[in-house]
There are 2 protein chains.
Amino acid sequence: MPHAAAATPQLLRRVNAQAVLRHIRGADVATGTELMALTGLTRASVIAVCEDLIGRGWIVELDQPRNEPHAGRGMPPVPRKGRPARRFAFNREAGFVLGLDIGAATTTAAVADLRGRVIGRSSGSFRAADIPALERIGVVDLACRKALEAAGADPGRVLAVGAGIAAPVDRDGNVLVTQRFWSLFDVGLRSALKELHGWTVLLENDANLAALGERWRGSGVGVDDLVVLLAGERLGAGVMESGRLLHGRGGAAGEMGYLDMVEGVGSSDGIAALVRQWSAADGGPSAGGPASAPRVFADAAAGDATALAILDRISERMARVIASIASLINPEQVVIGGAVAESAGVLLPGITALLPRFTATPPRVTVSPLGDAIVTAGAVRHALDYVEANALELALPAPA
Amino acid sequence: MPHAAAATPQLLRRVNAQAVLRHIRGADVATGTELMALTGLTRASVIAVCEDLIGRGWIVELDQPRNEPHAGRGMPPVPRKGRPARRFAFNREAGFVLGLDIGAATTTAAVADLRGRVIGRSSGSFRAADIPALERIGVVDLACRKALEAAGADPGRVLAVGAGIAAPVDRDGNVLVTQRFWSLFDVGLRSALKELHGWTVLLENDANLAALGERWRGSGVGVDDLVVLLAGERLGAGVMESGRLLHGRGGAAGEMGYLDMVEGVGSSDGIAALVRQWSAADGGPSAGGPASAPRVFADAAAGDATALAILDRISERMARVIASIASLINPEQVVIGGAVAESAGVLLPGITALLPRFTATPPRVTVSPLGDAIVTAGAVRHALDYVEANALELALPAPA
DNA sequence: GGCAATATATTTAGCTTGTATCTAAATTAC
DNA sequence: GTAATTTAGATACAAGCTAAATATATTGCC
């Protein structure tokens with residue numbers, strides 16, 4: 001046990017600067033008086049903190065607005081008396097973050113400014129599922145560079161990279177060593193992006209990022225006890241309790257592959273996979289051809305009895321899974337996300353009706369509005385969380 | 001949003017005092033030089049902090065030890081050179097805490113000093129299960145007073161009371177309103193003990209407290225991702241992830257009553273209840289009479305086939321429950337505690353062998369060594385956590 | 001017993017960050 | 001143009017920390 005970081009006077013400035021920065025980031029533009037009220041600091045301190053933050057590049061001082069009393073489309077239509085206030089604004093282009101969704105078949109990169117607005121996006125496909133890690137990394141890197149180019153963002157100004165993969169990732173961002181493939185990829189990706197661009201890569205499980213995304217901009221905004229089921233081909237859960245992601249010992253929290261062995265169903269199948277399996281077992285869809293998930297959903301909408309029966313089975317299965325989660329975690333809300341989320345809306349009434357049979361504490365169940373972007377949204381949020389938590393430690397690159 | 005508590009210079013002292021107090025509490029006695037190394041502060045600051053803590057009653061300065069170079073049975077057999085150091089010690093009798101286990105039939109109160117040593121204990125029984133809340137509170141209060149008397153502790157010096165009940169309790173210590181009985185009891189208990197003695201009561205779910213206790217002084221010491229199954233008459237889980245207790249939205253996390261509906265078994269039965277049910281169904285134990293859990297365990301140890309079969313069924317059931325937990329939470333360790341914990345040791349090999357069939361991430365499974373005291377131990381720990389977190393806000397009563 | 005070596009204690013000066021208070025500046029309203 | 005209002009800036013000072021110099025108490029050795 002070496003030093004436990006003594007609290008020196010500088011700590012005060014850090015704490016207060018964080019508070020001021022947080023408020024300015026939320027409000028976009030703030031005056032000294034506002035910040036005094038919000039932080040409880042004196043004007044002198046607020047100003048000192050702001051000058052500090054300006055020096056670090058995190059905020060900028062706006063020049064006085066023209067002599068237009070109620071002009072501007074923004075906030076202040078009120079004709080203000082008194083000496084005009086200095087106005088400080090968050091420098092949303094102090095840098096950028098990247099959010100990556102690295103799947104088995106494809107990868108997507110999203111570039112966002114520091115307020116989380118996505119300003120560039122690009123995808124790439126892997127030649128095959130078993131390509132070497134190095135080739136996979138190449139595809140990821142290309143997607144990143146194309147997304148940055150589309151956004152007109154300098155790669156040197158990327159402050160953090162959030163990346164989601166479909167494997168257990170522990171609290172420190174390390175992949176479970178038993179997952180040989182991803183484990184190698186992990187190390188390679190981080191060192192490659194560090195070496196090529198100097199980026200810090202924050203790895204997370206994709207379902208966990210989906211939970212972050214859903215709580216940020218999905219149907220779970222403001223919900224502290226939230227579970228997101230990423231239920232496309234696979235089935236994984238991202239669990240937030242009291243606003244924190246759960247990882248468990250090896251990052252495998254929410255890896256429900258085996259949860260349904262009681263039913264004897266194949267381990268980690270999501271909705272799309274189940275629909276395929278079960279419709280094949282039932283003799284395929286009405287008009288032959290491959291029984292894709294969208295097809296079965298369409299047939300059910302048209303009243304096809306076989307398709308409806310399959311959806312009923314799916315609903316019950318989902319209800320059982322959600323009930324297990326409800327019994328152990330007691331979330332306020334469960335969100336179904338992933339590739340089939342839009343179609344899954346029709347399952348909601350059935351699931352909701354079944355839940356009370358399986359659990360004493362049924363959560364609200366909704367469907368994600370984020371579609372394909374659910375993981376990248378969460379990855380962006382994850383990167384932003386890192387940047388916000390470490391703002392005062394990060395050295396911003398000089399502005400363009 | 002009023003003030004967000006500006007960081008003033010006083011904050012530094014609070015942070016540093018907390019750090020110093022934590023170290024002294026852990027080490028029992030510490031010198032200025034030790035504290036400098038541990039906290040990273042200067043000697044001047046360390047001394048100032050210590051004087052401060054002495055003034056508040058949290059630590060005391062020991063007078064210089066006699067001139068006995070290697071004397072004492074304690075630490076310093078090393079003949080020390082130089083000017084002797086001032087020695088500061090944690091004042092373990094600055095106050096006391098109470099830990100309560102409030103069950104359906106009985107209640108137990110434990111008194112502990114501020115290092116957690118239990119120095120008094122007393123139990124009481126309820127006349128019936130459905131007695132009015134007020135009478136129940138009276139029994140609890142009596143147990144508290146008797147335990148304090150046994151400890152020779154002044155009720156006025158109780159700094160916090162941890163209390164465990166067999167009902168969902170949310171993060172703020174409130175009982176789920178749907179639990180009418182406990183919900184009334186909750187309010188009554190807190191206001192009664194506040195009014196009678198001025199005590200602050202911290203309510204928690206009993207399984208959650210069991211988890212705290214097990215991580216403190218049981219078989220899960222140092223394990224951050226720990227689940228404790230309180231499996232006597234009922235079955236409840238206390239879940240810790242990353243060293244924090246999980247509550248969920250309404251405090252019902254770990255209330256697994258319905259988790260086993262897949263097997264059609266009665267909802268929230270623990271091991272003892274199951275043994276009774278199943279042995280009754282199988283025609284009772286070899287020698288007639290009530291098929292109590294200890295009896296079945298004894299019969300199994302003697303080789304009785306029926307009893308062994310029952311224990312096998314119990315093992316599989318526990319394995320399934322633990323596997324569900326492992327899939328969702330991925331704990332490092334699961335501890336089985338409660339009334340039957342000692343006997344449950346014989347189940348461990350069976351459970352451990354089955355686990356890999358039901359989950360990809362099987363945890364270590366152990367049996368609690370804490371016996372009946374598991375909940376009171378956790379309740380004491382809960383109260384101590386509160387006292388330690390709020391030490392600098394609590395005004396200590398003047399010493400006796 | 002006296003003295004060097006050693007470890008700790010205490011004092012003093014100075015830095016950072018904060019508060020409190022007073023005065024100056026810039027704008028609106030009349 | 002002047003008063004009222006609101007914010008800015010400057011000055012004095014308090015809390016808490018560091019750093020460096022000085023003082024004190026003990027051991028070990030001659």
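The figures here come from the full heavy-atom set of this structure, side chains too, leaving out hydrogens, waters and symmetry mates.
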In whole angstroms, the gap separating C1' of D/dC17 from CG of B/L41 amounts to 8 Å

Nearest-Å distance, CG (B/L11) to P (D/dC17)?
10 Å

Output the single nucleotide from D/dT18, C/dT28, D/dT27 whose closest atom is nearest the side chain of B/S45.
D/dT18

How close or far is atom C1' of C/dA9 from atom CE of B/M36, stated in whole angstroms?
11 Å

When you measure from the side chain of B/R56 to the backbone of B/A395, do you find a donor-acceptor pair of N or O atoms at a distance under 3.5 Å?
no

Rounded to whole Å, the CG-C1' distance (B/L53 to D/dG16) equals 15 Å

Taking the nucleotide of DNA chain D with the nearest heavy atom to each, does B/V46 or A/T31 sit closer to the 5' end?
A/T31

Along DNA chain C (nearest heavy atom to each residue), the more 5'-positioned of B/R43 and A/A17:
B/R43

Donor + acceptor pair across side chains of B/N174, B/R190 (<3.5 Å)
yes

Between A/R86 and A/T8, which is nearer to the 5' end of DNA chain D once each is assigned its nearest nucleotide?
A/R86

Send over the distance from A/N16 CG to D/dG16 C1', rounded to a whole Å.
15 Å

B/D52 CG to D/dG16 P, in whole Å, measures 8 Å

Does a salt bridge link A/E393 with A/R14, judged by any charged N lying under 4.0 Å from a carboxylate O?
yes

Rounded distance [0.5 Å steps], CZ in A/R215 versus CG in A/D225:
9.0 Å

Any donor and acceptor pair, going by atom type alone, linking the side chain of A/D113 with main-chain N or O of A/E93 inside 3.5 Å?
no

Got a list of protein N/O to nucleotides 23-26 of chain C N/O distances below 3.5 Å?
| from | atom 1 | to | atom 2 | distance (Å) |
| --- | --- | --- | --- | --- |
| C/dA25 | O4' | A/R83 | NH1 | 3.3 |
| C/dA26 | N3 | A/R83 | N | 3.3 |

With a 4.0 Å cut-off on N to O distance, would you call B/R381 and B/E204 a salt bridge?
no

Residue pair A/P9/B/T33 against DNA chain C: nearer the 5' end by closest nucleotide is B/T33

Applying the salt bridge (Lys or Arg N to Asp or Glu O under 4.0 Å) criterion to B/D28, which one of B/R92, B/R87, B/R117 satisfies it?
B/R92

A/T42 side chain: which of C/dT16, C/dT8, C/dT19 is closest?
C/dT19

To the nearest Å, how far apart are B/E51 CD and C/dA9 C1'?
11 Å

Can you tell me how far P of D/dC17 sits from CG of B/L12, to the nearest Å?
6 Å

